[in-house]
Amino acid sequence: MRWIKRIAFAVVALLVLLGIGLATLLYFLTSRVEGDYFDANGFTIHYTVDGNATGEPVILIHGLGANIDLNWRRPGTIGRLARDFHVISYDLRGHGLSDRSHDAADYGIELVHDVFRMMDHAGLESAHLVGYSMGGFVALKAAAENPERVRSVSVAAAGWRDPRSDEPLLKPYRSPQHQPRPIQEARIPNDPDFEGWGGRPFLVRLADPFRDYVGEKIGDEGSFRACKSDESLESLQITQEELEALTTPIACFIGDDDGLLWYAHDLLEVRPDIAYFEYGRLNHLTLGMAGRFRRDLHAFLLENASGNSKPAVVAAPSGG
């Protein structure tokens, strides 16, 4: 009988721990820090402001299916950048606490226009842009559309897609299947350490479909579908000529297990002068959770702050 009681106690304890874990995860995924709102041509957009009021402005643009807190606040990016910068983050239209629409025409290039509407509302002539996943394509398009208003552009978990390509869009949560062209090995650091949740790639891959499922449940499926439609995504592309003409400092941050890795390689091939960071054993989800990414992003922004004479190009991530 004693061993039966021990087993029963162990089962109850496990269930309690599981319940606490699920409750913590639910809080992490659904709790929000509410800020202020502004009108973006008829759409109410939610945003927050953090950090040094006298620092240079940095605007954070999250990815598809995410929001300010999931993409930037919970992983610690806002806290890191707020040490030195005036950090403005906003929920993209169709996401979070911002207005939503099921019409694809309300997304695409309108996402880019919202960047400058945010600047206008904040009274900013220019700002550093940091975009994650789809937000990276938005940031790069914004730099091409209005370069005088963009101090630097940081593309995370994304890159550049040639509009002339007839290949299907890459899937961000699938490991890269092939390498279309070689990349300079010197630009890829040897990074054996893993800083994602779980400590092992297998566990991280298990989290990817769960992240997709949760994202659809806590958001609006119709808005997400419209936002990621071909019409919307194609309008975010820039030509090779536009990319080559950009004089804005550019950084690209990517994990080598990210399904969009080849877009980052294409960006580097066209613009070998950019600051390029490729991290071993990080994927589309876990890049934003890695301390190295936050440190390297912070360093890139500091190097490109006004009056700083350091070179913009960084050949490899910092260690430690």
Is there a continuous path of hydrophobic side-chain contacts, each under 4.5 Å between heavy atoms, that joins [X] to [Y]?
{"X": "I68", "Y": "L297", "answer": "yes"}
{"X": "Y37", "Y": "L92", "answer": "no"}
{"X": "L169", "Y": "L260", "answer": "yes"}

Which residues pass the ring pair (Phe, Tyr, Trp, His ring centres under 6.0 Å) test with H128, not counting sequence neighbours?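 Scan of H128 (ring pair (Phe, Tyr, Trp, His ring centres under 6.0 Å), adjacent residues dropped) gives none.
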Only counting residues at least two apart or in another chain, list the ones meeting ring pair (Phe, Tyr, Trp, His ring centres under 6.0 Å) with Y90.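 Partners of Y90 by the ring pair (Phe, Tyr, Trp, His ring centres under 6.0 Å) criterion come out as none, since no residue qualifies.
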For residues 76-87, which side-chain N or O atoms pair as donor and acceptor with protein atoms under 3.5 Å away, sequence neighbours left out?
| unit_1 | atom_1 | unit_2 | atom_2 | d |
| --- | --- | --- | --- | --- |
| R80 | NE | H298 | ND1 | 3.0 |
| D84 | OD2 | H298 | NE2 | 2.7 |

Please check: side-chain N/O of [X] versus main-chain N/O of [Y], any donor-acceptor pairing under 3.5 Å?
{"X": "D69", "Y": "V33", "result": "yes"}
{"X": "D258", "Y": "I254", "result": "no"}
{"X": "T286", "Y": "M289", "result": "no"}
{"X": "Q240", "Y": "D162", "result": "no"}
{"X": "S98", "Y": "I45", "result": "no"}

What pairs meet the salt bridge (charged side-chain N to carboxylate O under 4.0 Å, His left out) rule with one or both residues in residues 33-45, with sequence neighbours excluded?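 Every candidate salt bridge (charged side-chain N to carboxylate O under 4.0 Å, His left out) pair involving residues 33-45 fails, so no pair, neighbours aside, qualifies.
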Hey, could you give me each pair passing salt bridge (charged side-chain N to carboxylate O under 4.0 Å, His left out) that has a residue in residues 230-240? Not counting sequence neighbours.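 Pairs touching residues 230-240 that pass the test: none.
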Not counting sequence neighbours, list each pair that qualifies as a side chain to side chain donor-acceptor pair (under 3.5 Å) and has a residue in residues 104-114.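 Qualifying pairs: R93-D114, S101-D106, E110-R117, D114-R117.
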Aromatic rings Y279 and F253: how do their planes relate, parallel, tilted or perpendicular, breaks at 30° and 60°?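 Correct class here is parallel.
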Exercise answer: donor-acceptor pairs, residues 142-150 side-chain atoms, under 3.5 Å, sequence neighbours excluded:
| unit_1 | atom_1 | unit_2 | atom_2 | d |
| --- | --- | --- | --- | --- |
| R149 | NE | E125 | O | 3.0 |
| R149 | NH1 | D120 | OD1 | 3.0 |
| R149 | NH2 | D120 | OD1 | 3.0 |
| R149 | NH2 | L124 | O | 2.7 |

Qualifying residues under side-chain contact (heavy atoms from CB on, under 4.5 Å), relative to S235, sequence neighbours excluded: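 Listed in chain order: I109.
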Going by the rule side-chain contact (heavy atoms from CB on, under 4.5 Å), which residues pair with A139 if we only count those two or more places apart in sequence or in a different chain?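 Once residues adjacent in sequence are excluded, the partners of A139 under the side-chain contact (heavy atoms from CB on, under 4.5 Å) criterion are I61, L129, V153.
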Can you tell me how far apart CG (D91) and CZ (R100) are? Round to the nearest 0.5 Å.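 It is 9.0 Å, given to the nearest 0.5 Å.
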CG of L170 to CG of L261: how many Å apart, nearest 0.5 Å?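 Rounded to the nearest 0.5 Å, the CG-CG separation comes out at 9.0 Å.
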With S154 via side-chain hydrogen bond (donor to acceptor under 3.5 Å, both in side chains) - residues at least two apart: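 Not a single residue meets the side-chain hydrogen bond (donor to acceptor under 3.5 Å, both in side chains) criterion with S154.
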Below 4.0 angstrom, N of the basic side chain to O of the carboxylate: do R174 and D257 qualify?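 Between D257 and R174 there is no salt bridge, as every charged N stays at least 4.0 Å from the carboxylate O atoms.
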Walk me through it: do H95 and S223 pass the test side-chain hydrogen bond (donor to acceptor under 3.5 Å, both in side chains)? CA-CA 8 Å; H95 295 72; S223 297; over 6 Å; no
Could you go through D266 and L268, starting from their C-alpha distance and side-chain angles, then the distance that decides it, and tell me whether this counts as side chain to side chain contact (heavy atoms under 4.5 Å, CB included)? CA-CA 5 Å; D266 288 342; L268 181 60; over 6 Å; no
Do H46 and F38 have ring centroids that are under 6.0 Å from one another?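 Aromatic pair excluded; centres sit 6.0 Å or further apart.
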Under the salt bridge (charged side-chain N to carboxylate O under 4.0 Å, His left out) test, residues paired with D256 that sit two or more places apart: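 So D256 forms no salt bridge (charged side-chain N to carboxylate O under 4.0 Å, His left out) with any residue.
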Under the salt bridge (charged side-chain N to carboxylate O under 4.0 Å, His left out) test, residues paired with D99 that sit two or more places apart: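 Per chain and number, D99 pairs via salt bridge (charged side-chain N to carboxylate O under 4.0 Å, His left out) with no residue.
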Could you tell me if the side chain of E269 sits less than 4.5 Å from the side chain of H265, heavy atoms only?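 Answer no - side chains too far apart.
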